[in-house]
Amino acid sequence: MNSQRGNSAIQEKFRESSAPLFIPFITGGDPTPAATIDIALALQEQGADILELGVPYSDPLADGPTIQKASARALANKVTIHDCIRLVGEMRRKGLHIPVILFTYYNPVMQFGFHRLFEEMKREGLDGLLVPDLPLEETQEIKSITKDYDIPLISLVAPTSKQRVQKIAQQAEGFLYCVSSLGVTGARAQFAEGIEEFLQEVRSHCRVPIAVGFGISTPEQMKALAPHSDGLIVGSALVRVIEEVGSQLMNENTKDNGLQEIKRFVQTLKCGVR
């Protein structure tokens with residue numbers, strides 16, 4: 001197991017792979033906290049390189065219906081940001097060694113407290129933080145703290161003005177999350193026009209690896225984007241599979257069947273980049 005954590009673990013993952021990293025997203029506590037641990041370990045077994053763990057939130061502005069429903073299910077289990085951080089500690093104790101990025105919104109971070117958040121993230125073995133509703137212009141305070149813990153604040157960049165793309169790319173830490181389509185998360189039949197040119201533009205200004213997400217749901221999409229990025233992020237399509245097998249995951253007698261369905265989905269998806 002790699003003893004490095006934080007930014008070092010993320011950078012090592014990108015350095016050691018010649019193919020784009022597979023970065024799945026799941027919601028903490030969906031369908032249950034215990035199932036979240038099982039899913040994370042199953043994803044690692046299927047070759048996940050980095051895990052994004054979403055904190056359930058009542059007003060997830062960047063998320064489409066699939067992840068909104070996952071958040072609602074997790075909130076019904078009373079899962080909080082504190083619970084999600086502790087879940088990662090339990091994952092580590094059960095053998096999860098890949099980097100984990102905490103995906104959350106600014107309000108839970110502010111309520112929790114910056115220093116407390118990073119202290120707990122460091123203690124439980126988290127490696128990065130992504131806050132989609134925190135604009136670049138308001139990141140100075142939190143970034144001044146992240147450096148003390150070697151936990152990067154991962155930025156998102158969308159196909160907007162070239163000037164803004166350059167500004168975001170030049171200050172990126174860990175890796176830069178490139179949004180493939182404008183709007184909220186969710187599986188899509190096609191991406192924004194000019195996605196390849198957008199990713200080339202981002203790369204020309206960026207000192208860290210770039211990963212692309214928002215809408216990837218098929219092997220064909222994985223194959224199309226692989227030559228243009230260092231990582232491929234899959235969220236809504238995976239969360240939908242978890243929803244479909246949720247009742248199986250909550251039953252000890254059928255749990256393995258549910259996990260097998262998730263593994264089969266990942267295997268099919270990854271065929272696009274083999």
Side-chain angles (χ1 to χ4, degrees), residues 5-11 13-14 21-29 36 40 43 48-57 59-64 67-68 70-71 74 80-82 84-85 87-88 98-112 114 117-118 120-122 124-143 145-147 149-158 168-169 171-181 184-186 202 206 208-216 229-236 238-239:
R5 292 259 60 92
N7 190 49
S8 301
I10 293 170
Q11 292 304 315
K13 269 292 176 186
F14 281 102
L21 301 189
F22 172 51
I23 307 174
F25 168 97
I26 60 175
T27 299
T36 301
L43 291 169
D49 297 291
I50 296 175
L51 177 69
E52 278 189 20
L53 184 68
V55 175
Y57 185 50
D59 190 22
L61 301 176
D63 293 316
I67 295 177
Q68 285 181 21
S71 273
T80 66
I81 188 170
H82 178 63
C84 288
I85 294 169
L87 269 179
V88 177
I98 60 174
V100 178
I101 309 297
L102 192 70
F103 184 110
T104 186
Y105 287 85
Y106 186 65
N107 191 50
V109 169
M110 185 176 61
Q111 299 275 345
F112 202 73
F114 292 162
L117 175 71
F118 289 110
E120 294 208 8
M121 286 178 67
K122 193 74 173 179
E124 300 292 354
L126 285 97
D127 301 280
L129 178 68
L130 203 163
V131 186
D133 61 340
L134 182 63
L136 173 65
E137 292 75 15
E138 297 177 25
T139 59
Q140 284 187 336
E141 182 181 1
I142 196 166
K143 277 196 167 187
I145 301 170
T146 62
K147 289 178 173 55
Y149 296 90
D150 190 36
I151 295 176
L153 180 67
I154 310 295
S155 300
L156 287 120
V157 62
I168 294 171
Q171 58 76 53
E173 304 173 349
F175 67 89
L176 182 56
Y177 190 136
C178 300
V179 176
S180 66
S181 308
V184 296
T185 59
V202 172
C206 205
V208 298
I210 65 171
V212 60
F214 273 52
I216 300 175
S229 64
D230 305 304
L232 299 166
I233 301 165
V234 179
S236 295
L238 173 59
V239 171

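All heavy atoms count here, side chains included; hydrogens, waters and symmetry mates do not.
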* To do: Would you indicate whether the side-chain heavy atoms of Val208 and Phe14 approach each other to under 4.5 Å?
  =>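 With C-beta onward as the side chain, the pair stays apart.
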
* Are side-chain heavy atoms of Leu238 and Ile26 found at a separation under 4.5 Å? ->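 Side chain of Leu238 against side chain of Ile26, heavy atoms only: contact under 4.5 Å found.
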
What are the two closest non-hydrogen atoms of [X] and [Y], and how far apart are they?
| X | Y | value |
| --- | --- | --- |
| Pro152 | Gly174 | CB-N, 3.9 Å |
| Lys122 | Asp150 | NZ-CB, 4.0 Å |
| Cys84 | Pro56 | SG-CD, 3.7 Å |
| Gly125 | Val88 | O-CG1, 4.1 Å |
| Gln11 | Pro209 | OE1-CD, 3.9 Å |
| Ala70 | Val239 | CB-CG1, 3.6 Å |

* Asked: What orientation do Phe103 and Phe25 show, parallel under 30°, tilted 30 to 60°, or perpendicular over 60°?
  ->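 Rings of Phe103 and Phe25: perpendicular, over 60°.
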
Separation between [atom1] of [X] and [atom2] of [Y], rounded to the nearest 0.5 Å:
| X | Y | atom1 | atom2 | value |
| --- | --- | --- | --- | --- |
| Ile151 | Ile142 | CD1 | CD1 | 10.5 Å |
| Thr27 | Ile67 | OG1 | CD1 | 6.0 Å |
| Asp230 | Phe175 | CG | CZ | 10.5 Å |
| Leu87 | Leu126 | CG | CG | 10.0 Å |
| Leu129 | Tyr149 | CG | OH | 13.0 Å |
| Leu43 | Ile23 | CG | CD1 | 12.5 Å |

Under 3.5 Å, is there a donor-acceptor pair between the side chain of [X] and the main chain of [Y]?
| X | Y | answer |
| --- | --- | --- |
| Glu52 | Ile101 | no |
| Asp49 | Phe22 | yes |
| Thr146 | Lys143 | yes |
| Thr36 | Gly29 | yes |
| Asp127 | Arg5 | no |
| Asp133 | Tyr106 | yes |

* **Pairing residues for Ser155 by the side-chain hydrogen bond (donor to acceptor under 3.5 Å, both in side chains) criterion, not counting sequence neighbours** =>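 With sequence neighbours excluded, Ser155 shows a side-chain hydrogen bond (donor to acceptor under 3.5 Å, both in side chains) to Gln171, given in chain and number order.
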
* **side-chain contact (heavy atoms from CB on, under 4.5 Å) partners for Glu137, two or more places apart** =>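 side-chain contact (heavy atoms from CB on, under 4.5 Å) check on Glu137 returns Pro135, Arg164, Lys167.
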
* Reference residue Phe112; test side-chain contact (heavy atoms from CB on, under 4.5 Å); the match among Thr80, Val55, Ile81, Asn107 ->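 When Thr80, Val55, Ile81, Asn107 are each tested with Phe112, the side-chain contact (heavy atoms from CB on, under 4.5 Å) holds only for Ile81.
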
* Leu102 vs Leu117, side chain to side chain contact (heavy atoms under 4.5 Å, CB included): CA-CA, chis, key distance, verdict -> CA-CA 11 Å; Leu102 192 70; Leu117 175 71; 4.3 Å; yes

